[in-house]
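Single-structure report; data block below.
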Amino acid sequence: MGKLLILGTVAFDAIETPFGKTDKILGGAATFIGLAASQFEAETAIVSVIGGDFPKEYLDLFKKKGIDISGIEIVEKGKTFFWSGKYNNDLNSRETLTTELNVLADFEPVVPDHFRDADVLMLGNLHPSVQLKALEQMREEPKITVLDTMNFWMNHTFPELKKVISMTDVITINDSEARQLSNEYSLVRAAQKIHRMGPKYVVIKKGENGALLFHNGEVFFAPALPLEEVFDPTGAGDSFAGGFVGYLAETENVSFNNLRNAVIHGSNLASFCVEKFGTERMQNLTKEEVERRLEQFKQLTQFDIELR
């Protein structure tokens, strides 16, 4: 059993989609990553910060899922990070209504001593300087370090982001972010340029159109499973990342062939996330459901092509 360390936000979200809206509910990148990763046999910990307003029941949920919370700082007199957004009818674009950094504004990550030798390090979407501080606390170099980032950091903190990118093995970004980071429209050329920045592997997420994995001129594609109902895409990318790193931590195998499996597991977990608002679906997800859907992925993607 490998060790997985997750850096990211534990937060409140308020979401509106064409199918309804919520008040403040559990959210945050580390939350979605952790809940998805909890489907695998790995020692998992979260490093984050919350305020005194964060319900104990959510912390109990993490512990119930086997997630170590000793790296979650509680600022008793502070308020937890809060984001609210509204999705357009196609669910592919959204408008941010509110962003309240609160305790996240002064966050200094502290990696628990017993996770400074983690096999897999997942740097969730945060300020690159925070990601770097966590990375520098690792006592041993992880077998694999995975970075998630976004266009905001590319626009405002590019020198720091470039340094973090150079120190990671895998970067996971969406197609528009890959194009912005590389200044290339072709995703193949974009991946080639990003490889030269440091990462051995580039994962480009394409939402309902699946995900691409690039490595040394090789390309692997995993489709997104067609679903009858999609309620809320919030956290789908983070759930993908959680499935990806959770599988790598369980198998302790970071070869290209195994990363292809990890992409499938990431896509599988992301497909559950969108079926309910926020983390609702991920909180109650069973291993049996995960296995059944993996079988659907297998039927969707595996077949013999008769060559003429």
Side-chain angles (χ1 to χ4, degrees), residues 2 4-8 29-42 44 65 67 119-125 142-150 168-175 177-178 187 191 199-215 218-227 230 233-275 279 281-282 285 287 289-298 300-302:
L4 166 62
L5 179 66
I6 300 164
L7 171 74
T31 299
F32 284 102
I33 295 168
L35 290 176
S38 71
Q39 293 295 323
F40 301 90
E41 298 297 325
T44 302
K65 295 290 186 180
I67 300 170
D119 302 286
V120 181
L121 173 60
M122 177 70 223
L123 299 173
N125 181 23
K143 290 181 179 177
I144 194 162
T145 299
V146 182
L147 169 69
D148 188 34
T149 191
M150 66 183 296
T168 56
D169 303 296
V170 184
I171 184 170
T172 69
I173 47 180
N174 66 32
D175 45 3
E177 291 159 350
L187 294 181
K200 294 191 288 285
Y201 303 97
V202 177
V203 177
I204 299 179
K205 300 172 288 187
K206 294 171 61 64
E208 63 182 356
N209 296 313
L212 292 159
L213 169 67
F214 295 88
H215 172 65
E218 295 187 83
V219 185
F220 174 73
F221 172 71
L225 193 71
L227 299 171
V230 176
T234 308
D238 293 315
S239 297
F240 172 91
F244 183 83
V245 296
Y247 178 79
L248 293 178
E250 178 182 274
T251 58
E252 299 185 73
N253 179 346
V254 295
S255 67
F256 177 64
N257 278 342
N258 204 49
L259 262 72
R260 296 195 300 181
N261 288 325
V263 169
I264 293 291
H265 282 273
S267 296
N268 190 39
L269 269 297
S271 74
F272 288 103
C273 177
V274 301
E275 293 181 330
T279 62
R281 187 69 173 95
M282 306 305 290
L285 186 59
K287 293 187 185 300
E289 289 176 306
V290 173
E291 289 297 322
R292 284 199 299 271
R293 190 159 290 182
L294 271 176
E295 186 61 36
Q296 290 180 262
F297 265 97
K298 186 175 180 180
L300 180 69
T301 59
Q302 294 189 9

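Values reported hereafter were calculated over all heavy atoms of this structure, with side chains retained and with hydrogens, waters and symmetry mates removed.
The heavy-atom pair separating L227 from S271 by the smallest distance is CD1-O, 3.4 Å. Nearest heavy-atom pair, A236 versus C273, reported as atom, atom and distance to 0.1 Å: N-SG, 3.8 Å. Annotation for L285 and K65: closest pair O-NZ, 4.3 Å, computed over non-hydrogen atoms. For the pair L4 and A249, the tightest heavy-atom approach, listed with the atom from each and the gap, is CB-CB, 3.9 Å.
Separation of the F40 and H265 ring centroids falls under the 6.0 Å cut-off.
With respect to L123, the side-chain contact (heavy atoms from CB on, under 4.5 Å) criterion is satisfied by exactly one of L5, V170, T168: T168.
When only modelled atom types and interatomic distance are considered, S255 and N253 share a side-chain donor-acceptor pair under 3.5 Å.
For R293 and E275, the salt-bridge test passes: some basic side-chain N is under 4.0 Å from an acidic carboxylate O. Salt bridge annotation for K205-D238: absent, with no cationic side-chain nitrogen under 4.0 angstrom from a carboxylate oxygen.
Applying the 6.0 Å contact sphere to NZ of K298 captures no more than 12 heavy atoms from other residues, nucleotides or ligands.
Side-chain contact check for F272 versus V290: some heavy-atom pair is nearer than 4.5 Å. L212 is not listed as a side-chain neighbour of F220, based on a closest heavy-atom distance of 4.5 Å or more.
With sequence neighbours excluded, the residues that form a side chain to side chain contact (heavy atoms under 4.5 Å, CB included) with A36 are S239, L269, M282. Not counting sequence neighbours, the partners of E289 by the salt bridge (Lys or Arg N to Asp or Glu O under 4.0 Å) test are R281.
Side-chain atoms of K206 never come within 3.5 Å of backbone atoms of D175 as a donor-acceptor pair (strictly under, hydrogens ignored).
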